[in-house]
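Read the structure below first, then the notes.
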Amino acid sequence: MEHGVAEVTIHHEPSSSTKRIWKVFWILLIITMVELGLGLSLYALSLPEGLRMHLIKGVIIILSLAKAYYIVSVFMHLGDEIRNMIMTIVVPLMLFIWFILAFLGDGNSYKNLRNKYDPYYKERTTVGPKADSIATKPGGKD
Amino acid sequence: MMWYFLMSDSFTFGAFLISYGTIRFSQNYWPSPSYVFNTFPGAGEANLPLAFVSLMTFILIMSSVTMVLAVHEGHHGNRKGVVKWMAWTIFGGLCFLSCQAWEWNHLITGEHATLIDGKIELFGQTMRHNPWGPRVEDQAVMLDALRNSSHETLVNLVHEHNHSLGEAQLNAISNDKLAGMLNLQELHVTRPGPVAFGGYFFGITGFHGFHVFSGVVINVIMLLMAQTGVFERRGHYLMIEKAGLYWHFVDLVWVFVFLCFYLV
């Protein structure tokens, strides 16, 4: 009802811009709902760690990036700025690509090294009846 | 200049989230978000994975939309419109903060049966304890653990499933009998999960919540300035636009926090 009032009070202005805002709102809402659906499907199917699970997670990440694009370019009007200004913002953010790859790889290799050289650690932290029988202590270093 | 501040802020958030990702990748086990975040205010013990956080996300997106509408009205120098949409944005921000307060309170004060040092203890999600480890399946281990558990823990466990007896009555029952009253199939006992989960969750959502809070404060100031006609005298509503940039940034960060903590 509040929205109806708004339509009336600004009727003398071109409505294309408000239309665009609401369109982006619906896009964001739908993407979020699809993401949630995928997130819940991970839970409902209780997929094992593997290609299919990573595929679904990958799709969720790409959808999130699409959301970020819409928020930045339409809501924050970055798309309307001059090109050089956009570049000074976006190019430094490219560092994140390298940053993410390097650090996640690092974490992963740490896990592999620990599993390889500390079998007790692997048994203690993976799911299974064997792990149940090992008494676990509160508050480890991890 | 606002854009460069936001860029530096995004590096801060990015560093936090990447650090979280690094630790998460270094663990063999990480709790499933659908299992950790499955409650809704007023819904009791019902299993509603991700429902509440979806509501929070919706509130934040909605308040981002009302913010754009306020900026839009500012372009046209429409004071009334700016005030109205700013008020809705502030309302959305306050709703989000209240939701987060409930969520934190619920996580911290929750009591989950956790197997520690061969006995069962009740823990919430705090900085030191993570009750979301893998579920204990071995019944012999559970029986052993129940034998070692304290009287208080057993009373609480029985009370959770069986409301026919008051706590005073349960207190009078011996440990062995209390353990016998528990249905092992129903009992949900987990091993402790990675401790880092709590620190990262509270640290990052807290940092984001603080941004929301400061955004609300900025928006309130903007609302008052618009209301008293400061921008009208100035001839433009540029400040509203800058506050808007900050507010959208907060929404943008939530997209990634939501992704990293709740979805994947």
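Each chain gets a letter, A, B and so on, in the order the sequences are listed, and its residues count up from 1.
- Between S26(B) and R114(A) the shortest heavy-atom distance is O-NH2, 4.1 Å.
- Both the backbone and the side chain of I89(A) come within contact range of chain B, with heavy atoms under 4.5 Å apart.
- How far CG of D251(B) is from CG of L28(A): 7.5 Å, rounded to the nearest 0.5 Å.
- In this structure the side chain of T66(B) never reaches within 4.5 angstrom of the side chain of F25(A), judged on heavy atoms.
- For chain B, the nearby parts of T88(A) are the backbone and the side chain; heavy atoms of each come within less than 4.5 Å.
- Within the 4.5 Å cutoff, side-chain heavy atoms of F256(B) are placed close to those of L65(A).
- Atom CD of E73(B) is separated from atom OG1 of T18(A) by 8.0 Å, given to the nearest 0.5 angstrom.
- Separation of atoms CD (E35(A)) and CG (L259(B)) is listed at 6.5 Å; rounding is to 0.5 Å.
- Interface residue K57(A): backbone and side-chain heavy atoms are both found under 4.5 Å from chain B.
- Ranked by heavy-atom pairs under 4.5 Å with chain A, the list V53(B), T114(B), L17(B), L245(B) is led by L245(B).
- Only the side chain of N115(A) comes within contact range of chain B, with heavy atoms under 4.5 Å apart.
- No more than 12 heavy-atom neighbours from other residues, nucleotides or ligands sit within 6.0 angstrom of OH on Y69(A).
- In this structure the side chain of L6(B) reaches within 4.5 angstrom of the side chain of M76(A), judged on heavy atoms.
- To the nearest 0.5 angstrom, L104(A) atom CG is 11.0 Å from I23(B) atom CD1.
- Heavy atoms of I61(A) lying under 4.5 Å from chain B belong to its backbone as well as its side chain.
- Rounded to the nearest 0.5 Å, atoms CD1 (I18(B)) and CZ (F103(A)) are 7.5 Å apart.
- To the nearest 0.5 Å, atom OH of residue Y29(B) and atom NZ of residue K111(A) are 14.0 Å apart.
- Across all non-hydrogen atoms, the minimal contact from S64(B) to F75(A) is OG-CD2, 3.7 Å.
- When the shell of 6.0 Å around OH of Y70(A) is examined, it contains 12 or fewer heavy atoms from other residues, nucleotides or ligands.
- Contacts with chain A were tallied for Y262(B), F11(B), W247(B); F11(B) has the most, counting heavy-atom pairs under 4.5 Å.
- Taking 4.5 Å as the limit, every side-chain heavy atom of V72(A) sits out of range of all side-chain heavy atoms of F249(B).
- Residues L78(A) and W3(B) have side chains in contact (heavy-atom distance under 4.5 Å, counting atoms from C-beta outward).
- Within the 4.5 Å cutoff, the side chain of S34(B) has no heavy atoms near those of the L42(A) side chain.
- Of the two parts of S10(B), the backbone and the side chain both hold a non-hydrogen atom closer than 4.5 Å to a non-hydrogen atom of chain A.
- Side-chain contact of T22(B) with Y110(A): a donor-acceptor pair under 3.5 Å is absent, judged by distance alone.
- The closest side-chain heavy-atom distance from T32(A) to F258(B) is below 4.5 Å.
- More than 12 heavy atoms of other shown residues, nucleotides or ligands fall within 6.0 angstrom of atom CD in Q139(B).
- In F96(A), the CZ atom is crowded: over 12 heavy atoms of neighbouring residues, nucleotides or ligands sit closer than 6.0 Å.
- Enclosure of atom CE in M2(B) by more than 12 non-hydrogen atoms of other residues, nucleotides or ligands within 6.0 angstrom is indicated.
- Heavy-atom pairs under 4.5 Å with chain B were tallied for I60(A), L36(A), I100(A); the largest tally goes to L36(A).
- Residue F91(B) places its CZ atom among 12 or fewer non-hydrogen atoms of other residues, nucleotides or ligands, all under 6.0 Å distant.
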